[in-house]
Amino acid sequence: MITHPTAAELTEALAGVEAGPPGDARAAFIARVADNARATLEREAALGPAAEAAAVERLRALLERDGDFETLNAELCARLRDGRLAPLDPAVLAHLKAGALDQVAIDQPSYWGLAALRSESAPR
């Protein structure tokens with residue numbers, strides 16, 4: 001579900017990152033950033049397809065139409081923009097929250113509030 005930078009763009013950028021000489025603080029920092037980006041790519045590969053499939057199912061139910069993620073997401077945006085869907089509609093909010101939680105699980109899995117937000121969203 002990474003949209004910017006794409007996984008391909010991130011992979012290409014990481015290919016050019018090499019560890020610098022020992023004791024080079026800037027190179028060490030860049031290496032840490034690269035390691036974090038690689039970990040994000042791994043989580044995206046592991047979690048992204050399921051997150052996108054779940055988003056497609058939510059969008060299909062919400063919009064009552066079929067399509068892929070990009071098409072359905074564009075339709076959601078269009079309906080919100082032209083007023084066919086209200087931004088505070090509980091179904092819209094539930095979809096947006098679920099998508100945000102899925103993205104946080106990929107981008108920042110150690111975020112302190114993620115588990116609490118997930119349990120808050122669990123069906124009762």
Side-chain angles (χ1 to χ4, degrees):
M1 295 212 6
I2 291 177
T3 56
H4 295 88
T6 65
E9 291 167 339
L10 207 51
T11 301
E12 183 181 335
L14 289 172
V17 175
E18 296 179 18
D24 183 344
R26 183 176 186 283
F29 172 76
I30 290 172
R32 283 193 308 275
V33 170
D35 288 344
N36 287 335
R38 286 184 188 98
T40 300
L41 283 170
E42 290 172 7
R43 289 189 301 272
E44 173 68 27
L47 303 174
E52 184 168 306
V56 167
E57 289 307 311
R58 289 190 309 271
L59 286 166
R60 285 178 177 159
L62 181 64
L63 302 172
E64 298 178 334
R65 66 170 284 196
D66 201 14
D68 62 14
F69 176 75
E70 289 78 18
T71 302
L72 293 170
N73 199 50
E75 179 66 19
L76 173 66
C77 292
R79 290 186 189 189
L80 287 167
R81 195 171 24 258
D82 68 19
R84 288 180 286 159
L85 272 176
L88 297 180
D89 179 299
V92 171
L93 291 174
H95 165 68
L96 295 175
K97 181 178 181 181
L101 291 175
D102 286 344
Q103 195 62 54
V104 170
I106 293 168
D107 294 343
Q108 295 292 324
S110 60
Y111 170 64
W112 66 270
L114 183 60
L117 290 169
R118 285 227 186 259
S119 66
E120 182 181 289
S121 296
R124 297 176 198 260

Just wondering, do Arg60 and Arg65 contact through their side chains at under 4.5 Å, heavy atoms? no
NZ/NE/NH1/NH2 to OD/OE distance under 4.0 Å, Glu75 and Arg79: yes
One thing to verify: whether Arg32 and Asp35 come together as a salt bridge, which I'm taking to mean a side-chain N less than 4.0 angstrom from a carboxylate O. no
Taking all heavy atoms of Glu44 and all of Pro49, pick out the closest pair and write down the distance. O-CD, 3.5 Å
Quick one, Asp102 and Leu47 - any side-chain contact, counting heavy atoms below 4.5 Å? no
I'd like to know whether CZ of Phe29 has more than 12 heavy-atom contacts from other residues, nucleotides or ligands below 6.0 angstrom. no
Side chains of Val56 and Leu72: does their closest heavy-atom pair fall under 4.5 Å? yes
Out of curiosity, Leu101 CG to Ile106 CD1, how far, rounded to the nearest 0.5 Å? 11.5 Å
Verify, without hydrogens or angle tests, whether Thr71 (side chain) and Gly67 (backbone) share a donor-acceptor contact under 3.5 angstrom. no
May I ask you to test the Leu76-His95 pair for a side-chain heavy-atom distance under 4.5 Å? yes
May I ask you to say whether Arg26 pairs ionically with Asp24, meaning some side-chain N is under 4.0 Å from a carboxylate O? no
Looking at Leu85 and Leu63, what are the two nearest heavy atoms and their distance? CD1-CD2, 3.9 Å
Given the rule that I, L, V, M, F, W and Y join up when any side-chain heavy atoms are under 4.5 Å apart, are Phe69 and Leu62 in one cluster? yes
Would you say Val92 and Leu88 are hydrophobically clustered, going by side-chain heavy atoms of ILVMFWY under 4.5 Å? no
Could you check whether atom CD of Gln108 has more than 12 heavy atoms from other residues, nucleotides or ligands sitting under 6.0 Å from it? no
Could you tell me the separation between the OG1 atom of Thr40 and the CZ atom of Arg38, rounded to the nearest 0.5 Å? 11.5 Å
